[in-house]
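Please read the structure below before turning to the comments.
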Amino acid sequence: MVQAGSDSEAECFYLTHAYVFALQVDATERIELNARLVALGREAPLPDGA
Amino acid sequence: MGAHTDLDAVMTPVATARGLPNEHYVSDQMFVEERNAVLFKSWSGIGFAKDVPEPGDAKPIDFLGMPLVMIRDKTGELGVFQNTCRHRGMILIDKAKKIEGAIRCPYHSWCYALNGDLRATPHVGGPGNNIHEDIKRDELGLIRIRSFVWRDVVFVNISGNAPEFTEVHADLIARWSEHDQPLYHGGPGSSFKLPVKTNWKLAVENYCESYHLPWIHPGLNSYSRLEDHYHIEKQGEYSGQGTLVYRQLTGEGGEVFPDFRGLSDKWDEGAEYISLFPNVLFAAQRDHAYAILLEPVSTCETIEHVEIYYASPPEETPDLEALRDKNTRQWREIFEEDIFVVEGMQKGRHGAMFDGGKFSPAMDGPTHLFHHWVASKLAEARG
């Protein structure tokens, strides 16, 4: 998929994969990855303590 | 065929009653009817809490074709969920494992927390966009199945509308309240399975009566005679047998298992063996307990899952390991003695002229009580 904004699309795509795997293994990086995706309007904030 | 079996003869008093008709043991259609009307509508045993001891431990279970998973969450609570992703229906967990963080569906990677909450829906709004206004996560958590742990057995109510476990089984909980104390599983050597070619109900029926003991278990009968037993009968809940001459197992050096704490004198030489309807068989004794979970696999196949528990953790009593092994061997031998009986009754029910059987009013009360309970559940579902 090559189109305007593709850099942003690619960023969100890879952030998403990193976020999913961080969630799966309970890595602390999930917090920052979640925050970045939320800031980009691509994810919902994690609940407290999650 | 299933809906037309005559249950009236089952629901008369034991002196005049007949047992459940043959179809209840040999018909696949009846197996499905009983799954829905009996096993799914009451509190059925599906597993053991000891199998998911730590937070994050998960164990999938196929219960009568229903994919379930037991999970211990971060707070230590044990939950049972339908093991099916809310997206495309993929099985989530295919083998027992430790979940470090989230349960990730292997198909499109929807992620669930250990408490079942839907946590992530990657690319659900398009590539790199993980939210969508029509994907409401708070409505798409894993389907939680009502569950309750008693004497380490995990019970579930699939239909979701049975009264609370503690209400349904208040009588037995009170009866065995002295035994309401920690049960420590004896370890790998205290666990075994017996696959038997029989309908699950015949294993229940054989367990709840003492009538067969002198003929099938002569070794047991050498010190625990038929007349030393009494019936246990609680209409609509459970039935079984008790003995007045329970004898502790003794090792070569005279060692015995430590007793459960604070038991009354009744348990010095008393022990009770109860079928908790529908599918769990329990024993309460002064120095060890066991649970047998009957897994109904098909109309004529059942797996008996046997787990033995003690008053002390095995790691605190390594010197009793040989005695635990001896105990497992003893019980295994006794339970194996019952296999030809439950398999023989299964074969016998292909006799087209068998009429459900004539009960002994003196000896078969506990067995009839179970038949009556099953028939009542079926009648209730048939309306």
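In what follows, every heavy atom counts, from backbone to side chain, and hydrogens, waters and symmetry copies are set aside. Reminder, nothing fancy here: chain letters follow the sequence lines and each chain counts from 1.
Only the side chain of A:Phe21 comes within contact range of chain B, with at least one heavy atom under 4.5 Å from a heavy atom of that chain. Heavy-atom distances place the side chain of A:Leu37, and not its backbone, under 4.5 Å from chain B. At a 4.5 Å heavy-atom cutoff, A:Leu40 makes no contact with chain B through either its backbone or its side chain.
By the 6.0 Å contact criterion, NZ on B:Lys193 is open, its count of non-hydrogen atoms from other residues, nucleotides or ligands being 12 or less.
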Requested in this report: Go through the steps for B:Arg104 and A:Leu23 under the test side chain to side chain contact (heavy atoms under 4.5 Å, CB included), then give the verdict.
Outcome: CA-CA 9 Å; B:Arg104 183 176 69 84; A:Leu23 274 180; over 6 Å; no

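In terms of heavy-atom proximity, B:Gly128 sits nearest to A:Arg42 at O-NH1, 3.2 Å. The two residues A:Thr16 and B:His123 make their nearest non-hydrogen contact at CG2-CE1, 3.7 Å.
Separation of atoms SG (B:Cys111) and OH (A:Tyr19) is listed at 8.0 Å; rounding is to 0.5 Å. Taking CD1 of B:Ile99 as the reference point, atom CD of A:Gln24 lies at 8.0 Å (rounded to 0.5 Å).
Across A:Pro47, A:Ala27, A:Ala44, the residue that shares the most heavy-atom pairs under 4.5 angstrom with chain B is A:Pro47.
Against chain A, the residues from residues 130-168 of chain B that qualify, each with a non-hydrogen atom under 4.5 angstrom away, are B:Asn130, B:Ile131, B:Arg137 in number order.
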